[in-house]
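In what follows, chains carry the letters A, B, and so on, assigned in the order in which the sequence lines appear, proteins first and then strands, with residues in each chain numbered from 1.
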2 protein chains.
Amino acid sequence: MRNDTVASTPTTTRAARRAASQARILDAAREEFGRRGFEATTVRDIAHRAGVDPSLVLQHYGSKSALFTAAIQLPAGEPQEAADHLADVLNVRAAALPPEMRALVRSMLTVPEASEAVRRHLDERIGNLAAGIGGPDAELRAAIAVSSILGLTVARHFLQLRDVSSASDDDLVRVATQALTAALQPQRSD
Amino acid sequence: MRNDTVASTPTTTRAARRAASQARILDAAREEFGRRGFEATTVRDIAHRAGVDPSLVLQHYGSKSALFTAAIQLPAGEPQEAADHLADVLNVRAAALPPEMRALVRSMLTVPEASEAVRRHLDERIGNLAAGIGGPDAELRAAIAVSSILGLTVARHFLQLRDVSSASDDDLVRVATQALTAALQPQRSD
DNA sequence: GTCTATATACCGATAGAC
DNA sequence: GTCTATCGGTATATAGAC
């Protein structure tokens, strides 16, 4: 970090400012895309939130679409064991949603790229979960459980349904865990 | 309706053509809004699908927003008894989605008016369901069940998750009904 | 009543000054 | 490296011809 000979600019190293701007733009993009979705968000909105000039946004990321792609990248989640990751996911969903996830979900119904990203993400989760529970209809039961978590996420963080939003994190996690655990049990086929 | 003196146009009654155009425009609007959402849909798209001139669309409905409002109105569902309506909803969601519901859900994450409409609709369903099941956490359990159905709807008809889309209507309804029935049961509080 | 032409505005993106 | 100015395109919406 202090690899340079002489600091011509006293405090901020010349290229570090650029990197800082780039990061601020990305944060601002996640926030704006997460609030109103890809289409309603303008490059000018993002620039204003980041405190930079609109042209800088495109200078750094090339296009609005490329910036969106960068903004919705999820941190590579570990493959994870099996069914106990259900509790993790549920906890994450009950509390605040990470900015990149929020941006991704906000546009999943209207932007094909976001739709694909969510599909891939959830298909993978379903596969892992199905492998962990076994029994008849394992894939379908796992898919229903994962879809239910998606529905809860939308209900709580985007639609703000009354009884989902007003519940405490603890209550929601407790009751939802019970419900999903029950839902994951194999059923008699009579 | 036949208050006028003489039919100057022989076959099509003068105002009947206008009503027919209006209905065709509304159908086309539901289709287009349901496919790509409110913002990505242009008045020109709707006019093209309806086979009319773009300016006619605004002549009839005043604005794109007013047309959207008309397009997402749900047929007033009866209050309905209680828990057995769960099966109805599930069946509807497993098969095809009505055009106005599809248009509504497609934009529920990006258009405030659609978000509010879905919230009101689901809050009402939750209230009815909660009243029918009783027990501890009735509202929360009902909210989780309704949110799960929403998640399944999104997964099947919008994201097309692998294991949800590939399942037959019968399998999906059977397993989901089992899962939701289990989820709605009161749990021991130990 | 339906279509042509256009007003008005805002968007994404680019070029060039500093 | 950052900002100013602007281009080109497209949208909604309106006014007027037929």
NZ/NE/NH1/NH2 to OD/OE distance under 4.0 Å, B/R156 and B/D169: yes

Rounded interatomic separation in angstrom, taking CZ from B/R18 and P from C/dT2: 7 Å

Proximity to the side chain of A/T42 - top-ranked nucleotide from D/dT12, D/dT2, C/dG12: C/dG12

Atom pair distance, as rounded to whole Å: CD1 in A/I25 and P in C/dG12: 14 Å

Interface polar pairs with nucleotides 13-18 of chain D, N/O, under 3.5 angstrom:
from   : atom 1 : to    : atom 2 : distance (Å)
D/dA13 : OP2    : B/K64 : N      : 2.8

Connected via hydrophobic side-chain network under 4.5 Å: A/V89 and B/L159: yes

Interatomic distance, A/I46 CD1 vs C/dG12 C1' [rounded to whole Å]: 12 Å

Protein-nucleotide distance (A/D45, atom CG; C/dC10, atom P), rounded to Å: 13 Å

Rounded interatomic separation in angstrom, taking CZ from A/F68 and C1' from C/dG12: 16 Å

B/E39 vs B/T110, side chain to side chain contact (heavy atoms under 4.5 Å, CB included): CA-CA, chis, key distance, verdict: CA-CA 9 Å; B/E39 311 197 73; B/T110 41; 4.0 Å; yes

N/O donor-acceptor pair under 3.5 Å between A/R125 side chain and A/V146 backbone: no

Residues touching DNA chain D, which here means a heavy atom under 4.0 Å, drawn from residues 29-40 of chain B: none

Side-chain ion pair, B/E124 and B/R120, N-O less than 4.0 Å: no

Nearest-angstrom distance from the residue atom CG of B/D53 to C1' of D/dT12: 14 Å

Test item: side-chain donor near acceptor, B/T69 and B/E113, under 3.5 Å: yes

SB check A/D27 A/R49 (cutoff 4.0 Å): no

Minimal non-hydrogen separation, A/A103 against A/F68, with atom names: O-CE1, 4.4 Å

